[in-house]
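Notes follow the structure.
Note that this is a predicted model, so its numbers are computed, not measured. Chain identifiers are assigned alphabetically (A, B, ...) following the order of the sequence lines, protein sequences preceding nucleic acid strands; residue numbering begins at 1 within each chain.
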Amino acid sequence: MSVIKEWEPKILVFTCNWCTYTGADLAGLNRMKYPENVRLVRVPCSSRVNPQFILRAFMKGCDGVLVCGCHPGDCHYVSGNYFTRRRFMLMQRLLEYNGVDPARFQARWISGSEAAKFRDTMIRVSKEIKALGPNTKFREDWYVKEAIANEPSK
Amino acid sequence: MSRIGVFVCHCGSNIASGVHIDKVVEAAKLFPNVVYCEDNKYTCSEPGQFKIKAAIVEHRLDRVVVCTCSPRMHESTFRKMLKGTTINPYMLEVANLREQCSWVHTDKDKATDKAISLVRMAAAKVNENTSLFPSKIKVTKRALVIGGGIAGMQTALDIADAGHQVTLVEREPSIGGKMVMLDKTFPTMDCSACISTPKMVECSSHPNITIMTSSEVEKVDGYIGNFQAIIRQKARYVDHSLCKGCSDCMDACPVQARNNFDLGLGKRKAVYTLFPQAVPNKAVIEKKGASPCKFNCPAHLDAHGYMALTGVGRYEEALGVVRRTTPFAGVLGRVCFHPCEENCSRNKIDQPLAIATVKRFLADNARKSGKLGKIAVTAEPKDQKIAIIGSGPAGLNCAYMLALEGYKVTVFEALPKPGGMLKVGIPDYRLDKAVLAEEIKLIEDMGVEIKCNTRIGKDISFKALRGKGYKAFFIAIGAHTDSKLNVPGEDALGVVAGVDFLRESNLGNNPKPGKRVIVVGGGNVAMDAARTALRLGSDVTVLYRRSEAEMPANALEIDHAREEGVKFEFLAAPMEIISENGKLSGVKSIRNRLGEPDAKGRRSPVPIPGSEFILGVDTLIKAIGQKVVQEDLTAAGFTLYDRWGNIAANAETKTELADVFAGGDAQTGPATVIEAIAAGNKAAKAIMNYLEGTELPIEPYLMPEATVEADELKNVPRAARGRMPMIPIQDRRSTFKEAELGFDEKTAVAEALRCVNCAVCSECRACETACQSKAILREQEDELITQDFGAIVVTTGYELIDWAPLYGEYGGGRYPDVITGLQFERLVNASGPTEGHILRPSDQTEPKNVVIIKCVGSRDENKGKAYCSRACCMYGAKHAHQVLDKIPDSRCYVFYMDVRTAGKGYEEFYGRTREDGAMYLRGRVAKIYQEGGKLICKGEDSLLGKAVTVEADMVVLETAMVPSPGVVKLAGILGISTDPDKWLNEAHPKLRPVETNSAGIFLAGTCQGPKDIPDTVAQAGAAAAKVSALFSNDELETNPMISKVIDEKCSGCGLCVGCCPYTAISLQEIEERVGALRVKRLVASVNHALCQGCGACAGACRPGAIDLQGFSNRQLLEEVDALCL
Amino acid sequence: MSQVNEMQAQLRKVAAELLENDTVGYIIGWGATRFPDRTTPVFIHEAKDADKLMWNEYCVNGLAKYVLDDKIKAKKIGICIRGCDSRAINRLIIDNQIKRENVYLIGLPCEGKADKIKCGKCAHKNPVIHDVLIGDLVAETPVTDRFKAVEDQEKLTSDEKHAYWKGVYDKCIRCFACRNVCPVCSCKECFADQYRVGWQGKQNNSTENWNYGLTRSYHVGDRCVECGECERVCPMDLPLMLQNRKMLKDINELFGDYECGLSEEDRAPILGDYDLSDRDEFM
Amino acid sequence: MLLDKKRLKEALAILSRDAKVLVPMEVDGVAKFTPWDGQKLPSLDMINTTLPPKDALFPQTEKMYNFTTGPNAQIAEVQGTEKQVLFGVRSCDARSIDCMDKAFLTGTFGDSFYSKKRENLTIIAVGCVKTGPFCFCDSMGLDPSSAPNADVQLADLGDAYAVTAQTERGTAVLDQWKSLLTEGEGDAPKPKCVLQVSVPEDFPKKLMGMFEHPIWDEVSKPCLGCGTCTYVCPTCYCFDINAEKHGHEGTEFRCWDSCMFSDYARMAGGHNPRPSKKERVRNRYLHKLAYFHEQHGQLLCVGCGRCVQKCPSNMDITRFIDMAGEAMNNG
C-alpha cells in the first residue's frame, strides 16, 4: 500500500533555552497541539543564533526559519535579545531584498509562560509556509538527489 | 569515528503512546556513527541509567543521545550519571520526544517522523560534542559593602556573623545613612535612631567588620571571588587613631557651616562629627580647598581664617593668624591692593568682604588696647648669621621669618630709616608711619638687628660680610630709581622723579613743587605723587597715555585723588618738555586713541596726528615706572641681572651664587607690598633649606582653590559691605593725616560675618591649638587603599529628588517654609535643629496649618519621575500624624494622588491618621504662593471636582526618591548596569533580585529602586546570604559551557567585547609566528569566571573565532543540516 | 602647471622629505604601469624613488588594505589617502587592525577618479584624517542618490529580486577579490574559507555564491566605508555595492544617520551595540 | 575551402546535431564560451572572452563520485560526458588546451575526467585579424592567426572564412559541412601584437636561478591574493577535491583552486610553506614561465592578456618578464 504523502514543509525554530524553549515545554505539559513540521533547535540565548545558520538552513532545503527569544527586557542574559533584534531586523530585510519571501524567515518573542502564543505562532507559521510551498529559490540543487548530474557549464 | 549510543525512552506511555518507538530505534541505528540503540521504559530511573552505563562499557560508546523528556528536566540527571562513566558529562545530547513531540501531536506517524528527525538532529550534534571540564577559581573570603546605610550595615553584619571579613565603605564621615536622619518609623512609630544606632555600634565593634568612612570606591578589577578594589580614603584632616571624639576642636572652630545632616536647617562647625551618635565618633574637617581669598593672595595669608575668628570676636587669635605670615597687619590693612577681595566669592552676589580693612581693624584694635604685644620666638636659637640687604617689606619679612626660626639676622639699610618703600614711597596720608614703626619694632624685638645708613657697596661688601661669618644673603634693595620718559628736554630743571619726590616728602624734607604740577603716569606712584603735591598746595594734573580703564593704579586711589581735586588728562602723552632759560615751562603732548590689544590684552595707545597741545607747567613729576639701582651692588661685587635690569634670581629666589638670594622689587621690578612679603617669606625658606641642607617646599601649603558658584549662594542673605569712614575732605586736601579711619568693632565683626566660608575650613588652625591629642593633620592627603575581595554588595541607597528646579509653582525653593519630608523628619527629631519642636524655618513659630503634598517628583513624568517612590504614602501619613500629635489645635491637609498602603499594618496606620483628623484631599496642588506670612496652596479636590485653597503655615513636600548621586559612576566602575532612571539593575526582576549581571556583585536596598526599611533589610539579608553561600567554598567551579576564542581565527576587532553583558571578554596581546617573524597582536580573551555562556559573542563573530562550547557553530550547523534531511 | 600636476609635484617632494628624514619606512602610493590609463600600487622605500609616485585621474586603487601586509611595522608606514582611503584607515584603526601611530597619512583631496562607478556617490572627497595634506581641500558635494539604486531594487517583486540576484551570482567566480581588497574585511580567516565548519561549500554555483555574497554584505554592512573597491575589482563587474548599500540604508532608517570611518572613534558598529529604544518588530 | 559567413548559422546547426557547440558570446555582460542557442551569431569580432574556454574541459566545479555511507556504502563515478565543440577559439586559447593536455594527460597518471571530455572535444579555431591592447601571444611564441593544435582552423577573409582541417577530427567536420563549403582560398591578415615583450634566451632556466632575487618582493607587493588571474587564466589548472555530505549521501567533487589564495598551500596542522604573497606570486610566475617549461618544454603563459586586463591591482606579467629580463642582463 503506498500512500502519497502530502508535502510537509521543514520548519526550523531556534529557541532560547530560558523563554521560548520553556514555553514550548509548557505547551507540551498543557497538551496543546501544533503541526509536526516544526522542529526546535535549542540555544542558550537567541543572540547565539548566527544569521548564517539561517542561510545554511535555506540552502539545505529548509522551507522556513523562525528565531524566538525572550521579550525585550526579559532576556536571561540581560541584553542578548537586543542584539538579536538588531541582527535579524537587518538580516530579514537583507533576505527580503534578495528575494526571500518575508514569511520564510521570521522572529518572535515568546516567553516561558506563553505556551498558547507558542502554539498559535507555530500553527500560523506552519500554515504560511505551507501556503508558500517548497523553498526552491534558495535551495542548493546540489543536495537534491535528482540533480546529481554535473552543473551546466558556466 | 565517534561511537554514539542512542537511548529511546518510552516514559511509560507518555512517549510510547504518541510515537512508534520501534521505528525510531530502527531509524536511529542507521544514523552516521550510531553504533548502538535501545529503548527503555523509564530511562531516567535507576535501572534505566544502569542500562546506559552498561551499554557504554559494552559498546565502547564515547557519546550518548538520550531521547526522552525535555532537557530542562533531566539533562542534568544524565550529566551526573555520566560522571561515573568513561564518558565526559558533556558528551550528551537530549532529544525532547515528550514535551515537544508526543504530547503536542496527534498523528502518530507524523509524530514518529518528527521524533526520528529530532533524534537525528541530536545525534548529528552530539557527534560534534567535545569533552568539557569545569575550571576552578579561588575565592577571597572578604566582602566589600559599598554604602553604610541600613542596607549596608545589615548586609555587613549578616556576612560578618557568618564568619567572613567585611569592609564597609561609606562616603560620609559616619555610617548610618538616611535611616538615622528619620525621627520615627512607620507604622510602629519606633524611634528610628533607637533601632538603627545599635546596628551602627554593632558594626563598629564587630571583629569581622572594618568600617571605612569618608571613603569611596575608586576602581574595581577582577571577577567573582577575585575582585581587587582601590578605595579612596578621603582626607579627614584628623588622625582618627588619636582623636578621642571630645569635641574640643568643634568648640574652638569659628566657622559656621551648613549642617547637611539637618539638610541645611541648622549649622555645624567646619570640624565636626556628622551627628552626636556618629560611628566612628571621630571628628573630621570639611575642607573644600583653599578659599579664593587665601588662594589668590601672593603670600597666601589665611584671610578666611582671620575673618572667621574676627566674626566670633577672637581678635587676638585672628591677629595671630596674620602674624603666621607677616607682622605687617596694620601696614597691609592700609596699603594692600588686596587681591583677596577681588577674588572674594561674594563678588558673585553683592560686594566683596572688606578683608584688608578687617585686618587693619585687628592691628588697630590691638594697638588701641595695648595688646600689640611681642611676637614670641619659640624656636631654638640658631648660630647661623644672615645678612639682609634692604629693609623694605621683602627684607623685613624675610628677617621676620628667619627670626621666628631662631636665626641671627642683620638687616642693612642705606637710608636713615627702615621700611624701604613703605617708609619712603607711601605717603603718610595712606599709612601712618607710627604704625609702620611699631610693626618694625616687633621684628627688632625678636632680635633682628637693623643697621640704617649702611649702604651696600659703600659701607659693606659681600666679601667683608662673609668674613664676618654671615652664611647667607638676601638682596631686597627694591627699585628706587625712575624710568626715563625719553622725550626731548627731560633734563630740564623742574622735572623730578616720582620716587625721589615721595622720598623727600616722606623723610620730612618738605619738597616744594611749583604751582602747576603735572604728573606723568597712571600707577600708584603717580597717584601718591599727585596727592602729595596736592597736599603741598599745588594744582595737579595727571597725564596718562591710555584711558582710565587701563590705569594700573588702584581704582580706589584714583577715586580718592579725584575727590581731593586731582585733574586727569587721559589719552595724552608728553612729546617734548619745553623749557625757558633751562627752566621748565610747559609740556607738549599728543592725544592718543586706543589701538588693538597687545599680548597682555591691554589696548595700546596710538597717537592721533595733529592733536598736539601744550600744557603750562612748573613741576613735572615722572611716575612711569621704577628701576633697580645697580651701582651699589656692582660696587659690592654683585653683577647678576636679567634683561630688564632686575636682579637675576629664580622663582625660588636663588641667584647663581649659592649663598645669595634675592627677591622683592629688586628681583621682579616694581610690584606690590604683599608680593614683596611673599618673596621675603620664600627667601627665608630658601635660605633655611640652603643652611640646613633640606628641600622643604618654598611656597606655603596650599590646596586647590575652592570656588563657589553663584548658584550655590542664591540663598545667602544679601548684606552691604562695611563703609570706610574718612576724615573730612578739606583735611584730606591740605594735611598728611591718614585719610581712612578704619572700621570700628561692630562694623568689623559684621563684615567678617559676611564671609560665605568658601572652603568651609578657614585654616585658622584654632582646632590645632585646641586639640590636646594633637590629632589635627592639616596637610593630610587622600589615601588610596587596595584590597582584595571575593564579593561586592552595593548598598548606595537613595537621595531625594532636587525638587526646587522642577516645581517653580511651589516656589522653586524660595519659600523657607516649604520643606521636604526629610527636612520635616529633622524638625520633628529630638536631636534635630529644633530639638523636636516643629517650628517654621522662617520665623521659628509653630505652624498651625500644615499642608502635606505627596508624589512631588514621583508619578509625574512631565516634571520628575514616572515611578512611584513607594514609601511616601506611609511617611506622609506619619508626618500628618506627627503634626496633629505635636501641635495642639493644628490642622493637617494631605494632597494625594492615591494612597498605597501595601504592607503589614500600613492600612491600619493610614486609617488611624485619618481618625487623628488628617484631611486627605485627592489632587495635586497647582500653585503655592506667599501672602501675609501664609503659604497659599491652590489645588483641586478631584473627588469633588472643585478648586481648593488652603492657607498653610508650612508645606511638607513628600519628594521622590532618586538614586544616590555618583551611582552611575560606581556602576561604571563595577561594570554593572542601571535602568533609565539610574537605579541599579538586578539580574532578574523576580528570580534574582539581589544579584547583578556581574557574578559576585550583589545589590540591596534602595540603590535598586525605591523601597521602605523592612524591604531594604530583607534584601540586605538576602544579599548577605548570597555572599555567604559564595564564601562557603574555597573554590568555585565554573560552567564549562562558555565561550572560547580560537586565537588563529581572531583578528582582535573587538566586536564581541561590546556584545558581552558580563564584561567577560577583553582584548589581550599575544605573540605568534608569521613565517620567520614573531608578531604581537590583539585577540579576544574570555574570562571563564565571568562568562555565563549566552553566546551573544559567538552569534556576532564574523569568522567564528569565538565559539560557544556546548553550542558550537559546528554543533548547530550539524543540527541544522540534520533537520533539513 | 595644472592643479593635479602641482599636487603630484608636492606629493613627490613631501614623500622624499618623509623618507629622507626617516619619518616613514616607506610610502604606499600609486605608480605607473605600461598603460597610460592605469596605475598600480607602488611601495617607495627611498627618497630617490619618490618621483615614481603618481597623482592623476587614474589613481583609482584603494591602498588602505596594504597597510596590513606589514606585520612588524618597524617604522611608520606612509600611505597616500583620498577621502575613501582615509575612511578605510579609520575603519582599520577602529577594528584594531592598525594603530594610528603606525601610519603616516598623506592626504590627497580627490575630485573623483576615472572610475565613475566607484566615485559616483562619494560624499567625502577630502581625507577625513591625515598627517599632511597635499594641495587644497576641495568642495564636498552632497550625495542625494546614495540609496537610489537600492530603492529601485526594493520595488521589485520577490521573484524579480530573486531572478536578479541569481543572475548576479551565476556570474560570480568566487575569486574573492572583493573580500581581499575590502578594508572592512579584516578577518584572520574568512568564514568563506572555513569549508570544514560549514559556513560555506567550496563548490561554485549560484546558491553558494549567493550565500557568500549575502553573508559578506551582512558582515561588512554595518561597517562599510563605501569606497566601492569591491565593485571596482570584481572581474565579473557584479553590482556589489547594490548589495552592501541595502544594509546601510536599513541602518540609516532604523538607527539614524550612519556613515562609517569618519573618525578614529566611530560609534560602535550597529551589530556590536544596541539601544533599548530600537524598533521592535518581533512582538 | 571557404565558408561564407552568411552560412555560419547553418554550419553551427550542423555541428549542434550531435554535440554541444560552445561559442563566444556575451551573456549578461560576461563574454564566455556558451552553448549556442541556435539563433544568435557568435561574437567572433571580440578579441578575447572574459573567461577562457577551459571550463569545457575542466569545469570550475566538477562532480567526481557520488557515494553513500552507512551499512550499504556505495561509490559511483559521475557519468554523463557529452560531445562538445569549441567554436571560434583563438590561437591563445587553443594553445592553452595544449598546455592543459600536457598537464592532465602526460606522465604516469592520466586524469580520466579530463581525458573523457578531451576525447569528446572538437576545437575550431579562428585566426585573429586584429589584436587587443593586452594581447602578447606572439611574444610567447604563438601566431595570432594560426592554432596548430586546433582540429579546424578558420581564417577570416572578410565575407568568408578560409577553412582548413588540421586533424582527422577536423576533416570529419569539413565533411559535415561539405554542402556549405565552396572552393577557394585567400590571405587573411597577419596581425602583430601591440604589446611586445622581449623574452631573453633561456629565460625559464635563468628565472629559476632567481629564486632568491629581491625582484619577487617588489612585484608581489601590489598583489591582493585574490584568484582573479588564475580564474581568468586559460592555463591555470589547479583544483581542490572536496566532498559534500547530506545525511548518508554525498558527492565528491573538485573545483578550481587558486595558488594565489593564502590557504592554498596550507597543510593540515596549519603550516603554510608559502606564508606570504611574495612566495605565492613567485610560485605562480615560476610555474607559468619556468617549472612548466622544464617539465613540458613550453611556457604555461599563452599571452592572452586576461590576467593583465583583470588584475585588480593592475599587476602585469609582461612587465614582470621585462623586469626579470633586465635583472638577468644586469647579472
Side-chain angles (χ1 to χ4, degrees), chain A residues 46-47 50-56 58-61 66-73 75 78-104 106-110 117 121 132 136-143 147 150-152 154, chain C residues 150 153-154 156-166 168-173 191 197-201 203-208 210-215 217-219 221-222 242-244 246-251 253-255 269-283:
Chain A
S46 56
S47 64
N50 189 320
Q52 288 165 255
F53 295 160
I54 285 114
L55 299 180
R56 176 76 173 189
F58 285 137
M59 286 167 68
K60 287 274 183 172
L66 193 62
V67 173
C68 295
C70 310
H71 285 270
C75 179
V78 198
S79 54
N81 51 5
Y82 296 125
F83 292 104
T84 311
R85 185 160 72 181
R86 280 199 168 184
R87 284 176 199 161
F88 290 107
M89 267 207 283
L90 291 170
M91 194 41 146
Q92 196 176 38
R93 283 166 169 74
L94 205 51
L95 285 171
E96 188 182 341
Y97 184 72
N98 278 262
V100 178
D101 197 296
R104 286 207 195 272
Q106 305 186 30
R108 281 288 172 278
W109 311 131
I110 300 174
K117 180 176 180 183
T121 307
L132 282 174
T136 51
K137 286 181 189 166
F138 296 94
R139 174 153 63 181
E140 195 172 353
D141 291 338
W142 187 273
Y143 299 111
N150 262 325
E151 297 279 293
K154 279 189 140 305
Chain C
V150 177
Q153 186 72 15
E154 283 169 341
L156 302 179
T157 65
S158 194
D159 287 347
E160 285 168 342
K161 284 175 192 162
H162 174 255
Y164 178 82
W165 290 113
K166 181 164 173 18
V168 166
Y169 290 117
D170 262 337
K171 286 191 266 181
C172 172
I173 55 171
F191 78 96
V197 176
W199 301 120
Q200 173 80 58
Q203 61 274 31
N204 184 295
N205 59 44
S206 70
T207 319
E208 288 291 352
W210 176 77
N211 177 47
Y212 163 71
L214 185 78
T215 306
S217 66
Y218 171 76
H219 281 181
D222 64 336
L242 187 62
Q243 189 78 283
N244 292 349
K246 165 63 179 166
M247 192 143 137
L248 283 171
K249 174 174 178 283
D250 289 338
I251 290 171
E253 285 169 7
L254 290 167
F255 309 115
I270 287 296
L271 292 172
D273 199 6
Y274 66 89
D275 196 307
L276 295 179
S277 62
D278 285 346
R279 190 196 295 184
D280 201 329
E281 304 176 330
F282 303 147
M283 297 312 280

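A salt bridge is defined here as a Lys NZ or Arg NE, NH1 or NH2 lying under 4.0 Å from an Asp or Glu carboxylate O, and A/R93 with C/E253 fails to meet this definition. Salt bridge absent: C/D275 and A/R86 never bring a charged side-chain N and a carboxylate O closer than 4.0 Å.
Atom NZ of A/K117 is surrounded by more than 12 heavy atoms from other residues, nucleotides or ligands within 6.0 Å.
Taking chain A as the reference chain and counting heavy-atom pairs below 4.5 Å, the highest number among C/Q153, C/M283, C/K246, C/E281 is found for C/K246. With chain C as partner, the option from A/L55, A/V100, A/N98 having the largest number of non-hydrogen pairs under 4.5 angstrom is A/N98. Of all the listed residues (C/L156, C/V150, C/T157, C/V168), the one sharing the greatest number of non-hydrogen pairs under 4.5 Å with chain A is C/V150. With respect to chain A, the highest number of heavy-atom pairs below 4.5 Å among C/G198, C/S217, C/A163 belongs to C/G198. Interface summary for chain A: among C/Y164, C/W199, C/F191, the most heavy-atom pairs under 4.5 angstrom belong to C/W199.
Between A/W109 and C/F282, the ring planes are perpendicular. Angles over 60° get that label, and only those under 30° would be called parallel. Below 30°, between 30° and 60°, or above 60°: for A/Y82 and C/Y274 the angle between ring planes is below 30°, a parallel geometry.
At least one side-chain heavy atom of A/L90 sits less than 4.5 Å from a side-chain heavy atom of C/L254. When side chains are defined from C-beta on, A/R87 counts as touching C/L271, because their heavy atoms get closer than 4.5 Å. By the 4.5 Å heavy-atom criterion applied to side chains, A/Y97 and C/K249 are not counted as neighbours. Counting heavy atoms from C-beta on, the side chains of A/E96 and C/K161 come closer than 4.5 Å. A/R56 places none of its side-chain heavy atoms less than 4.5 Å from the side chain of C/N211.
Rounding to the nearest 0.5 Å gives a distance of 4.5 Å between CD of A/Q52 and OG1 of C/T215. From A/F138, atom CZ reaches atom NE2 of C/H162 across 4.0 Å, with rounding to the nearest 0.5 Å. A distance of 11.0 Å separates CG in C/L214 from CD1 in A/I54, rounded to the nearest 0.5 Å. Going from atom CH2 of C/W165 over to atom NZ of A/K137 covers 14.5 Å, rounded to the nearest 0.5 Å. The structure places CE of C/M247 at 8.5 Å from CE of A/M91, a figure rounded to the nearest 0.5 Å.
Between the A/R85 side chain and the C/L276 main chain, a donor and an acceptor come within less than 3.5 Å of each other.
For A/Q92, the part lying under 4.5 angstrom from a heavy atom of chain C is the side chain only. Both the backbone and the side chain of A/F88 come within contact range of chain C, each with at least one heavy atom under 4.5 Å from a heavy atom of that chain. Interface remark: C/L248 contributes no atoms to any contact with chain A (heavy atom separation under 4.5 Å). Neither the backbone nor the side chain of C/E160 comes within less than 4.5 Å of any heavy atom in chain A.
For the pair C/G272 and A/F83, the tightest heavy-atom approach, listed with the atom from each and the gap, is C-CE2, 3.7 Å. The two residues A/M89 and C/R279 have their closest heavy-atom pair at CE-O, 3.2 Å. Heavy atoms only, all atoms of each residue included: C/S158 and A/G99 are closest at OG-O, 3.0 Å.
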